[in-house]
Amino acid sequence: MPEFGELPELAATVLQPGFVGISAPDWVRRWLGEGLGGVALFARNVESPAQVAALTAQLRAERPDVLVAIDEEAGDVTRFESRLGSSRPGNLALGAIDDPALTEAVARDLGNDLANAGITLDYAPDADVNSNPGNPVIGVRAFGAEPQLVARHSAAFVRGLQAAGVAACAKHFPGHGDTSVDSHLALPLIDRDRQQLAECELVPFRAAVEAGIQVVMTGHLLVPAYDPEIPATLSRRIITGLLREELGFGGLIVTDAIEMRGVSGKYGLAGAAVRALAAGVDAICVGGEHADERTATELRDAIVDAVRSGQLPEERLRDAAARVRRLGAWTTHTQTLTGARAIADASAEPEVAVLAAGSQVGFEAARRAARVTVAEGATALPITGPAYVVEFAPPRNIAIGPETPWGLSTPLGELLPGTETVRLTEGEATPAAVLEAAGDRPLVLVVRDLHRHPWQAEALTEVLATRPDTIVVEMGLPVTVLGAVHIATYGATRACGQAAAELIAGTVVPAPEPQPVAA
């Protein structure tokens, strides 16, 4: 007979909830003492690296092996640098450079920052092959559209991140690249047969497994080639049959946020969580939207009830909890070996308590990634004097979030004082008004994924007909190239914006000096 007294603790072990605030709430600290295996940090939990270090120290005081996860892709999706934008260029830029050694260096640099702030699990890299340029949720988050390229950079990212003692997490298994639907909102269909999946989507995940990745995140995707009815996250055929048995992955499997409509829309939060565990998943990520004790309690109680009713075998729950604890032990041991020191814990040693003002290797990578296309006979860069910059702002997908700044206004304004920047959304982009406001100043038009937003393309075409000297900066996928001078940054991070601004102004900004962390 099951020992029901242990079940609530085992159920808590497999949860990775989010919470609100820049310090650990009482309920989270209490739950850690009652078995909670991990937490997930979001932008709302991050004020500064030193603050994050203090937060993680609170968590470790309750449970030293707690998994502290963050969704930090070092690109457009950033939580650790959400207030300023990432000082690294993101996956698509690294793929465009195609230097795996650089990708590994950027990932290790990121891992050092995360480890020194007490973070032990990063929901990265994105190992999706972005084979559909119209994909609304992946795009620049992928290393590219070619499976082998994505594979070698996914493996490099894994090696770099885990060398710093932070567990890497390849996502979104079995591959979110060939979709036209955002799984935050609905259930995407991956309409490929098994051979096509093996030759494309699965290639980077195999490479990540071979590189020793510790964690794989499931995608809320319908993949009829393996299961015509049940989403991948909830499918035993995909989680146990494909990932565990065929690919040979022995580490931790975590869900994408369980509240996403791709699974919760039909099954509910609790129903999806129980089904995921039964399918072979080990940990449930929740709390991007439902970041409260009530939700965590609902999930824990549903898991316990499922074991008692026989829907979820107790042995499966014990196996999942054991994998969580093994990963916690790995991160604790590995960060000790690598010398990772949380900033808060190192405050007595000034030489350790130092925070770099952004990633120097990241800024340099963004410079290497930027591509300039100049039409025959066009005036080349740089420009002199203040410019007029128009940033066309399409809606952001939920993964990127609304809080992270992007664009050229700050870096170009610093390099060319007097530069004016306006940001326009659909319906506001009137070409005549843009031309009138620009006058005779150099004109810079900034877009994101021009090919997916006809209103941007229409506005640019009209402006360029009158001002062919306009500089166009594409900060998304550079599918459509317009303008006599076109700059592709392969991402919209702070580092990408800095690289574009330097090209326009003809000035390279010196790398920032490390700054001590205030006591």
Side-chain angles (χ1 to χ4, degrees), residues 71-78 86-114 122-133 135 137-164 166-178 197-217 219 247 249 359 361-371 399 476-478 488-493 495-496 499:
D71 191 6
E72 176 54 61
E73 296 180 8
D76 285 24
V77 175
T78 179
S86 178
S87 57
R88 300 170 179 92
N91 283 3
L92 189 65
L94 294 172
I97 299 168
D98 197 13
D99 179 352
L102 175 63
T103 296
E104 185 171 341
V106 169
R108 181 159 191 166
D109 182 61
L110 169 65
N112 288 334
D113 281 354
L114 297 180
D122 186 11
Y123 297 143
D126 188 313
D128 299 310
V129 180
N130 196 62
S131 55
N132 181 355
N135 195 314
V137 70
I138 303 301
V140 298
R141 300 169 63 193
F143 288 109
E146 198 282 311
Q148 293 298 333
L149 180 145
V150 176
R152 59 179 171 267
H153 287 278
S154 295
F157 200 102
V158 169
R159 291 192 299 268
L161 197 61
Q162 293 189 170
V166 176
C169 173
K171 62 186 184 187
H172 306 82
F173 186 83
H176 208 315
D178 187 23
L197 290 167
E199 294 173 351
C200 185
E201 278 78 5
L202 297 181
V203 173
F205 290 100
R206 288 186 184 277
V209 171
E210 291 172 2
I213 196 163
Q214 292 289 325
V215 185
V216 170
M217 175 178 281
L247 269 64
F249 178 62
S359 168
V361 67
F363 280 113
E364 185 55 39
R367 294 185 182 106
R368 285 182 61 183
R371 302 287 189 269
L477 284 176
T489 61
Y490 297 91
T493 72
C496 293

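All of these numbers come straight from a predicted model, not from anything done at the bench. The residues of the chain are indexed from 1 along the displayed sequence. Scope of the values below: all heavy atoms of this structure, side chains included, with no hydrogens, waters or symmetry mates.
R108 has its side chain out of reach of V361: every pair of non-hydrogen atoms, C-beta onward, lies at least 4.5 Å apart. Looking at heavy atoms from C-beta onward, E73 lies in side-chain contact with D71 at the 4.5 angstrom threshold. Within the 4.5 Å cutoff, side-chain heavy atoms of Q162 are placed close to those of I213.
Counting all heavy atoms, side chain and backbone alike, G139 lies closest to N130 at N-OD1, 3.2 Å. In terms of heavy-atom proximity, T489 sits nearest to G491 at OG1-O, 2.6 Å. The two residues Q214 and F249 come nearest to each other via the heavy atoms O-CZ, 3.5 Å. The two residues L161 and A167 make their nearest non-hydrogen contact at CD2-O, 4.2 Å. In plain terms, the two heavy atoms of A365 and L94 that are nearest each other are CB-CD2, 4.2 Å. The minimum heavy-atom distance linking A495 with A366 is given by the pair O-CB, 3.4 Å.
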**Derivation of the side-chain contact (heavy atoms from CB on, under 4.5 Å) call for T493 and T78** = CA-CA 9 Å; T493 72; T78 179; over 6 Å; no
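With sequence neighbours excluded, the residues that form a side chain to side chain contact (heavy atoms under 4.5 Å, CB included) with V140 are D76, L92. Judged as a side chain to side chain contact (heavy atoms under 4.5 Å, CB included), and not counting sequence neighbours, E210 has no contacts. Listed by chain and number, the residues in a side chain to side chain contact (heavy atoms under 4.5 Å, CB included) with A96 are R371, Y490 (sequence neighbours excluded). In this structure D126 satisfies the salt bridge (Lys or Arg N to Asp or Glu O under 4.0 Å) test together with R141, sequence neighbours excluded. Taking A369 as the reference, A93, I97 meet the side chain to side chain contact (heavy atoms under 4.5 Å, CB included) condition, with sequence neighbours excluded.
Distance CG/D113 to CG/D122: 11.5 Å, rounded to 0.5 Å. Distance check: T103 OG1 to H153 NE2 gives 4.5 Å after rounding to the nearest 0.5 Å.
Here the side chain of N135 pairs a donor or acceptor atom with the backbone of H176 at under 3.5 angstrom. A donor-acceptor contact shorter than 3.5 Å is absent between the side chain of D178 and the backbone of S131.
Ion pairing of E72 with R88 is absent here, as no side-chain N (NZ or NE/NH1/NH2) approaches a carboxylate O to less than 4.0 Å.
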Please set out all donor-acceptor pairs under 3.5 angstrom arising from side-chain atoms of residues 197-209, sequence neighbours excluded.
unit_1, atom_1, unit_2, atom_2, d
E199, OE2, Q195, NE2, 3.0
E201, OE2, R192, NE, 2.9
R206, NH2, E246, OE2, 3.3

